[in-house]
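First the structure, in the form of structure tokens, and then the observations on it.
Residue numbers start from 1 in every chain, and the chains themselves are labelled A, B, ... in the order their sequence lines are given, proteins ahead of strands.
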2 protein chains.
Amino acid sequence: MQHHKLATIEDVAALAGVSIATVSRAINEPTKVADATRRKVAEAVARTGYTTNAMARSLRMRRSNMILILAPDVGDPNFSNILVGLETEASKRGYGLLIGNTQNDPSRETDYLRFISSNQADGLILFTGHLPYGFGQNAEETRLPPMVAVNEPVVDQPVPFVGVDNFEGARVATEHLISQGHRRIAFIGHSPGREINRVRESGYRLALESAGIAIDPRLILDGEGTTESGRAAAELMFVRDALPTAFFCVNDATALGVIIALNARRYELPRQFSVMGFDDISFASFVSPSLTTMKQPRHRMGEAAMELLLAMLAGEQPKSQKVLLRAELIVRNSVSRPNS
Amino acid sequence: MQHHKLATIEDVAALAGVSIATVSRAINEPTKVADATRRKVAEAVARTGYTTNAMARSLRMRRSNMILILAPDVGDPNFSNILVGLETEASKRGYGLLIGNTQNDPSRETDYLRFISSNQADGLILFTGHLPYGFGQNAEETRLPPMVAVNEPVVDQPVPFVGVDNFEGARVATEHLISQGHRRIAFIGHSPGREINRVRESGYRLALESAGIAIDPRLILDGEGTTESGRAAAELMFVRDALPTAFFCVNDATALGVIIALNARRYELPRQFSVMGFDDISFASFVSPSLTTMKQPRHRMGEAAMELLLAMLAGEQPKSQKVLLRAELIVRNSVSRPNS
DNA sequence: CTGAAAGCGCTAACAT
DNA sequence: ATGTTAGCGCTTTCAG
């Protein structure tokens with residue numbers, strides 16, 4: 001563990017009285033070496049404190065055992081929880097994680113590609129929802145490196161994707177509300193353009209239809225996925241005077257806004273209104289009332305994405321271009337039977 | 001940007017009609033090369049799409065331009081915000097970040113050291129508060145690699161540290177309460193053993209003393225730094241019937257617990273009680289009333305730590321073993337003048 | 001089962 | 001200002 005002068009494979013070979021080739025084999029293909037030799041080498045390794053020089057090895061083997069993670073915002077808690085899953089799986093398989101924070105800046109995206117093109121990383125995990133700038137132009141010609149998108153699919157590009165089943169999750173959430181006896185259920189959405197909004201709304205609609213409940217367009221409002229937009233949407237409902245008994249919100253931030261609006265109007269929750277979120281962000285359990293919501297399996301998303309990427313690196317064809325994990329219903333205190 | 005067969009320095013040299021040494025110089029020490037030659041090389045680089053092979057370069061130069069980040073929990077939002085600062089500074093200086101999630105598991109700590117001992121990382125940022133297991137035993141003999149601790153200092157070890165000035169921050173927080181007219185100010189602390197508890201409590205005491213306010217031991221309670229412990233501590237105050245007009249809490253999680261307890265008792269905040277936190281975690285602005293607190297300069301902590309480490313890597317002696325950044329008072333709605 | 005030797009792609013010392 | 005060359009530490013044929 002000395003830092004100034006590390007032992008090399010030659011030091012070990014000399015000490016063990018064998019050739020460097022044998023040392024290399026003893027370490028990497030133990031079965032190809034005689035027992036006695038292997039023991040001698042092992043001892044020499046221990047005595048010298050030898051560690052394989054990863055640079056030399058990577059240079060020779062043309063792979064680095066590193067994965068580059070490209071994310072728009074490393075500080076986003078949604079990201080960091082998935083990261084833990086990525087790391088768990090990678091480290092289990094002997095891979096290291098290199099992290100690239102792009103801030104959606106094209107030049108930073110390009111910049112990070114140097115890790116790929118300089119052989120410093122073997123594959124790529126994409127959180128950005130688009131190919132890094134620098135690949136984009138000539139996607140057909142350019143041979144893309146092995147990569148997997150997670151959380152956000154890559155638009156218009158055949159990149160394997162691991163995410164959550166938003167359609168199914170929204171359906172389950174809405175059904176939970178229905179099972180409690182609600183029939184007038186609002187949907188407070190994200191921006192109309194967002195894929196996630198479309199899909200979660202579809203799940204909501206399907207659940208209602210399956211239960212034979214007519215869809216009331218006045219109960220469907222767009223938002224922006226933010227707390228403030230949730231608050232505003234709830235207020236709008238009161239202004240318009242088309243009130244639901246329950247709010248299903250496209251995400252927890254929105255749900256929080258709805259709760260704030262309802263609390264401000266001095267309603268008692270969940271007795272007078274039920275609120276359901278989606279995501280299970282960290283403060284979902286701290287709001288009052290604590291938020292019933294759909295939990296995204298973030299850790300498993302990370303693991304699954306890494307598993308998929310490493311399989312591709314090992315030469316396997318991805319079985320499917322899309323892995324969707326189920327969100328889990330988390331029952332807390334913001335949903336109850338309607339009050340009537 | 002072809003992935004199967006990358007251009008090497010030889011390809012560039014051949015195309016430009018120069019030697020590989022000249023190509024290397026043209027790229028790394030442009031001033032040492034004639035203008036015309038440099039242009040030829042630049043064009044050849046562009047035509048071939050050449051990128052320096054980082055492995056070969058690192059092997060030769062004996063450094064990787066990589067920094068290893070060792071953290072107990074990569075998913076912790078406190079960590080991830082500092083990470084952004086680390087990344088900003090590192091990437092500005094051409095360094096990459098390798099991330100290691102140890103989960104406080106000694107074997108994982110040791111495991112990640114291979115990145116250091118195999119030359120895959122030049123330095124180390126420590127979030128763990130202790131030397132990685134594997135260095136610990138023989139710290140005197142072992143030559144430690146360049147490293148900087150951030151957020152949490154390394155106990156009993158001369159490791160340069162970048163963190164927040166908790167003493168000063170607690171003093172400012174308490175003074176804010178005093179300036180509003182409070183004189184009976186409670187301190188809800190962390191576990192007694194924790195350094196952070198000791199320091200923040202000292203700041204609280206100094207502020208009171210400086211203002212000529214006697215310290216009332218009945219207003220100082222231990223906790224565990226959790227929401228639940230904050231709630232319990234507030235309850236205990238009511239049971240003991242030694243009530244403050246304001247609560248200064250060792251952190252926001254605790255403050256949240258206090259607010260929950262006060263809300264549950266149907267007090268009106270901040271009219272009847274003021275509550276002050278520390279940290280400015282993400283939901284501090286969402287609680288009702290929104291939390292007045294001290295904001296940790298996490299982004300800058302990351303930048304400062306990386307700056308320090310890179311300076312050490314460049315051979316500079318760290319000027320001081322300890323860099324303390326000031327926390328910033330964030331005024332929201334949980335503090336007002338006392339009610340009397 | 002083991003050893004000799006080539007070579008991964010690069011930088012830097014030395015020579016011109 | 002440019003070229004030649006050694007060698008960073010390793011894995012992997014190819015021989016034996």
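Phosphate contact (OP1/OP2 of dT11(C), side-chain N/O of R57(B), threshold under 4.0 Å): present. The phosphate of dC1(C) (OP1 or OP2) has no side-chain N or O of T22(A) nearer than 4.0 angstrom. Dashed line: the shortest gap from a side-chain N or O of S19(A) to OP1 or OP2 of dA4(C) is not under 4.0 Å. Remark: T8(A) is not in phosphate contact with dG9(D), judged by side-chain N or O atoms under 4.0 Å from OP1 or OP2.
Across the protein-nucleic acid pair, I9(A) atom CD1 and dG7(D) atom P stand 19 Å apart, rounded to whole Å. In this structure, N28(A) places its CG atom 8 Å from P of dT12(D), rounding to the nearest Å. Atom pair K40(B):NZ and dA1(D):C1' shows a separation of 11 Å (rounding to whole Å applied). Rounding to whole angstrom units, OH of residue Y50(B) and C1' of dC10(C) are separated by 7 Å.
Checked options T52(A), N65(A), N28(A); the residue passing with R57(A) is N28(A) (criterion: side chain to side chain donor-acceptor pair (under 3.5 Å)).
Listed nucleotides dT11(D), dT4(D), dT11(C) differ in distance to R60(B); the shortest reach to its side chain belongs to dT11(C). Side-chain proximity of T52(A) to the nucleotides dT13(D), dC10(D), dT4(D) is greatest for dC10(D). With dA4(C), dG9(C), dA12(C) as the candidates, the nucleotide lying closest to the side chain of M61(B) is dA12(C). Candidate nucleotides dG3(C), dG9(C), dG3(D) were compared by shortest atom distance to the side chain of V18(A), and dG3(C) ranks first.
For the residue pair Q157(B) and H130(B), no side-chain donor N or O sits within less than 3.5 Å of a side-chain acceptor on the partner. No donor-acceptor contact under 3.5 angstrom links the side chains of N101(A) and R108(A), judged on distance only. In summary, the side chains of N53(B) and S118(A) do not present any donor paired with an acceptor at a separation below 3.5 Å, with no hydrogens or angles considered.
A21(B) comes within 4.0 angstrom of a nucleotide base, judged by non-hydrogen atoms across all strands. Heavy atoms of S58(B) sit nowhere under 4.0 angstrom from any nucleic acid atom.
A donor-acceptor contact under 3.5 Å is not formed by the side chain of R62(B) with the base of dG9(D).
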